[in-house]
Amino acid sequence: MPQSRREFLSLSAKASALALAHQALFGLLPSRIFASTTGNPLPLPQAEGLYGLLRPTAPLTLTATDVPGLLPATGSRMLAYEARQEGRLWRNPILVLQKGQDFRARLVNKLDEPTIIHWHGVDGDWRQAGHPSYAVAPGGHYDYGFPITNRAGTYWYHPHPHGLTAKQSYLGLASFFLVRDAEEEALSRELDLTLGVTDIPIVLQDKRFDAHGGLVYAPGKDDLLMGYLGTEVLANGARQPSLNAATRLYRLRLLNGCTARIFNLRFLRDGRPMPFALIGNDGGLLDAPRTLDAVFLAPGERVELLLDLRGMKPGQEVILSNATFDPMHNEDMGDMPGMGHGAGHGAGSDTPQSGGHTASAPGEHGASSQAAPLAEGASYPILRLRVDRVVSYDRRIPARLSSLTAAAPALAGGAPRRFDLALDRHHGRWTIAGLTFDMNAAPVVVERRAPTAWEFAGAKDGMPHPMHLHGYFFRVVSRRGSPQQVGIRAVDATGRLATDLGLKDTVLVWPGESVTIVTDFGFPSYAGEQTFLLHCHNLEHEDQGMMLNVRVKETDGRA
Ligand code: C2O
Ligand code: CU
Ligand code: CU
């Protein structure tokens with residue numbers, strides 16, 4: 001830890017150096033409000049380049065490196081995974097794999113600090129899953145090789161070195177990992193969907209910039225406690241993005257790739273919410289489409305939606321927006337001893353405190369963007385869809401999407417194991433069952449034999465935490481004590497939301513809420529004892545230690 005801590009400090013300092021030199025120019029940042037007629041094209045995945053589609057035909061090399069001029073929003077440098085195949089070059093390729101295929105990749109670390117890739121939601125033995133104990137030093141490499149056993153779905157990949165996950169992901173290292181199978185391809189044919197054209201992966205990430213458009217990651221103490229919020233939200237790296245669309249169905253695969261920001265997404269047409277069909281979440285297609293007009297999406301989560309633009313005329317627009325909600329950040333957290341005063345993220349006040357980079361040169365404090373972060377629960381536009389052509393399209397969304405069942409598994413006897421999600425006020429960090437991460441400890445031990453029930457209990461005076469489990473999907477069984485803005489979206493008597501109905505790997509737990517999940521640790525059946533992770537996907541929380549090892553013991557089959 002001391003080593004990576006030092007590297008963290010020096011990189012933060014570097015990241016903010018440019019900003020420091022041009023502090024006088026602050027305030028000239030482009031408005032975060034959409035200009036009424038302009039916008040930048042949403043980058044769509046091409047056959048190569050940034051977020052291009054890559055169907056691996058041979059073992060792949062992914063080189064984590066710093067690339068000048070890459071970020072679409074500002075032309076600034078960003079970190080990316082570079083890959084080459086058959087003479088083409090990708091950065092952060094959207095990997096497209098077929099279920100049953102073998103996946104082989106070598107991570108080469110060209111960063112100046114340790115890293116390791118985690119394949120989020122992708123089945124694989126713990127050595128394949130990017131446990132932080134496997135982080136490789138600068139210049140080193142790590143070889144992955146495993147069969148793709150997931151059902152079709154929108155998975156993703158990002159770094160997972162302990163203490164550096166947020167920064168490396170924020171500075172650019174993240175992309176999609178899409179798995180396809182027969183069931184999903186049948187749906188795509190039925191709806192005439194083409195990946196990259198009418199089936200569009202979109203990663204949403206909020207960023208702060210310095211005066212030259214460089215990415216700034218310089219969390220202060222409040223940011224480490226509450227999460228680091230950006231001043232604007234990018235889609236596929238572009239600012240104020242817009243997509244020209246035809247009068248037909250579009251499938252959007254939305255990934256919240258922010259370190260901390262929660263979205264409450266809706267589509268506005270003439271200022272009014274337009275319904276859409278939720279068809280999939282973290283672990284692929286739901287059993288049936290659900291019509292919604294808003295959806296919460298927390299860091300790490302994915303949703304797949306169908307948006308129907310039939311009936312619209314050229315020139316008309318739909319705007320993917322964030323709708324107001326209460327972010328439920330406890331305003332008095334910033335008053336704790338040692339914390340900056342008044343965290344106040346909901347209100348957008350944020351002054352970098354000294355804690356984030358105490359080792360940097362004097363004067364570097366406050367060198368990050370002085371534009372106030374975009375308040376988390378505010379209303380703001382994200383992506384403009386502009387209808388520019390009429391096409392004839394008469395496909396219908398099938399009533400049944402997949403063979404999955406919506407039912408939660410029956411709970412085996414005994415109370416679920418409870419994990420309190422609460423603040424350790426003394427140390428100013430978030431805990432799971434009172435604990436923080438210890439690389440060598442295994443505070444949670446489970447046996448493979450039986451489905452296991454866990455209950456995440458969010459402290460009433462806490463904040464929302466998107467809880468993520470590596471290695472296995474789970475089912476949400478119930479949500480109790482939900483705040484009203486969540487409870488009103490319940491779709492059944494268990495309090496579950498539409499987004500809780502499929503296979504999940506990340507579930508948002510609101511303050512005062514108890515979310516019960518069931519995981520079958522016998523599936524997938526990995527060989528040997530496993531050490532996976534349970535953590536909060538607010539990446540500032542994760543890096544501060546809101547993470548536990550989960551040991552899965554090998555037991556003799558099922559009784
Ligand atoms: Cu996407 Cu351990 O996380
Ligand atoms: Cu994961
Ligand atoms: Cu958290």
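We count ligands from 1, going down the list as the structure has it; atoms in each ligand are counted the same way.
Note on H541: its N/O/S atom closest to the Cu ion (ligand 3) is ND1. For H465, the N/O/S atom at the shortest distance from the Cu ion (ligand 3) is named ND1.
Between R479 and E513, at least one side-chain N (NZ, or NE/NH1/NH2) sits under 4.0 Å from a carboxylate O, which counts as a salt bridge.
Here the rule is side chain to side chain contact (heavy atoms under 4.5 Å, CB included) with S175, and of L50, V203, L54, N92 only N92 fits it. Here the rule is side chain to side chain contact (heavy atoms under 4.5 Å, CB included) with L374, and of L229, N322, V233 only V233 fits it.
Within the 2.8 Å limit, H537 places no N, O or S atom next to the Cu ion (ligand 2). For residue H468, no N/O/S atom approaches atom 1 (Cu) of ligand 1 to within less than 2.8 Å. Counting backbone and side-chain atoms alike, H160 contributes no N/O/S atom closer than 2.8 Å to the Cu ion (ligand 2). Atom 1 (Cu) of ligand 1 has an N, O or S atom of H537 closer than 2.8 Å.
To the nearest 0.5 angstrom, L62 atom CG is 5.0 Å from I117 atom CD1.
Seen from the ring of Y228, R208 counts as a face-on cation partner, given the 6.0 Å and 45° thresholds.
Angle NE2 (H158) to atom 1 (Cu) of ligand 1 to ND1 (H120): 130°, rounded to 10°.
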